[in-house]
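Note sheet for the following structure.
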Amino acid sequence: MIRMAGSRVALVSIGGTISMAKKVDSGVVPNLDAESLVASIPELREIAEIKTVSFRMVPSSGLSMADLLALSGEIDRLLSEEVDAVVVTQGTDTIEETSFLLNLTVRSDRPVIVTGAMRDPTNPGSDGQANLIAAIRVAASGQTVGLGTVVVMNDDIHHSIYVKKTHASNPAAFSSFPLGPIGWISEDRVRIALKPVTERLRITVDPGSPEKEVLLFTALLGDSGRLIGHAAELGYDGIVLEAMGAGHVYPSILDTLEKLASTMPVVLASRTRNGEVFAKTYSFQGSESDLLRRGLISARSLDPLKARILLYLLLRSRRSKQEISNVFKNWV
Ligand code: ASP
């Protein structure tokens, strides 16, 4: 067993399937805290010195932005005062959003690894223990220092900028298409094969800043789209528009979108959740060039779920519409 000399890792549990060993009626609910997770796998303590922090006990659909900003602050505190790396265990349903939020808000360069389980501990073939061992190995190896937040699932190491949950139940649900994982775990070895070429964007959110809400709106065939016209009166501060294909919508919402874009950031992303939004290929009414001319901001290659997190953090950090637009413009 390889143990990096002196590596201290904090295991921060926030709930999810990995922690659901208790049956209520016929289903499971979270009940294992960080200490119980570590106690169930004695070999973890042979890989690193582990500090346990039970931060929340919820399914990941029950997490709020306030929970996640508090988690980010707690991770920075642990990394600056007590440990060399942090592993977060949580529900897989929202890992692609939570890990991206941590990537943008944690200030430290030390390793932050997020993991979970697709099958709960009462299920044959449950993957939680294997994922946790792999995540602790990655943390203790120190190989992700400076890489930002990564997600370890099924012996793959994904970068939080690209990782997506692509299946409701398969243990191999996570992918980073079009790139693939940045590394893997084999036996007790941790391999990093790719590193981001750009510097990590860090956003500081003042906890006292006003709460913001970003609407994710999907353009649908045959829909009137009238709901989006109520976004401002419903109190939304920004919108991510999941447009068709490379950034297209039906003509009936164009005037509404133009009006909204003059008062709040409206980010144009693709509902295909893959590939880059176009800028100048089509010029029909409702095309990408039409929408950009009407003041929408291109999400470029950013997945809509992640664009929503980025927009939320930018709004919370009091950036102007022009500054928000510049951040998206510089996104690779
Ligand atoms: N199915 C979920 C999980 O994988 C539940 C959740 O996200 O909390 O953990």
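Below, all heavy atoms of this structure are taken into account, side chains as well, without hydrogens, waters or symmetry copies. Note that ligands are numbered from 1 as they come in the structure, with each ligand's atoms numbered from 1 the same way.
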Only heavy atoms of Gly16, strictly under 4.0 Å: list the atoms of ligand 1 that pass.
8 (O), 9 (O)

What part of Ser61, side chain from CB on, backbone N/CA/C/O, both or neither, has a heavy atom under 4.0 Å from ligand 1?
neither

Would you say Ile161 and Trp331 make side-chain contact, with heavy atoms under 4.5 Å?
yes

N-O pairing of Asp109 and Arg202 below 4.0 Å
yes

Return yes if a side-chain donor-acceptor contact under 3.5 Å exists between Ser287 and His248, otherwise no.
no

Between Ser64 and Asp67, is there a side-chain donor-acceptor contact under 3.5 Å, judged purely by atom types and distance?
yes

Protein heavy-atom partner closest to atom 7 (O) of ligand 1 - residue, atom, separation in Å:
Ser60 OG, 2.6 Å

Should the pair Glu211-Arg316 be classified as a salt bridge under the 4.0 Å nitrogen-to-oxygen rule?
yes

Min N/O separation Ala117 to ligand 1 under 3.5 Å:
yes

Number the atoms of ligand 1 from 1 as they appear, then name those within less than 4.0 Å of a heavy atom of Pro59, with their elements.
8 (O)

Shortest protein contact, atom 4 (O) of ligand 1 (heavy atom only)
Thr92 OG1, 2.3 Å

Could you find the nearest protein heavy atom to atom 3 (C) of ligand 1 and give me its residue, atom name and distance?
Thr17 OG1, 2.8 Å

Distance-only donor-acceptor check, side chains Asp33 and Ser36, under 3.5 Å
yes

For Asp93 and ligand 1, does the shortest N/O to N/O distance drop below 3.5 Å?
yes

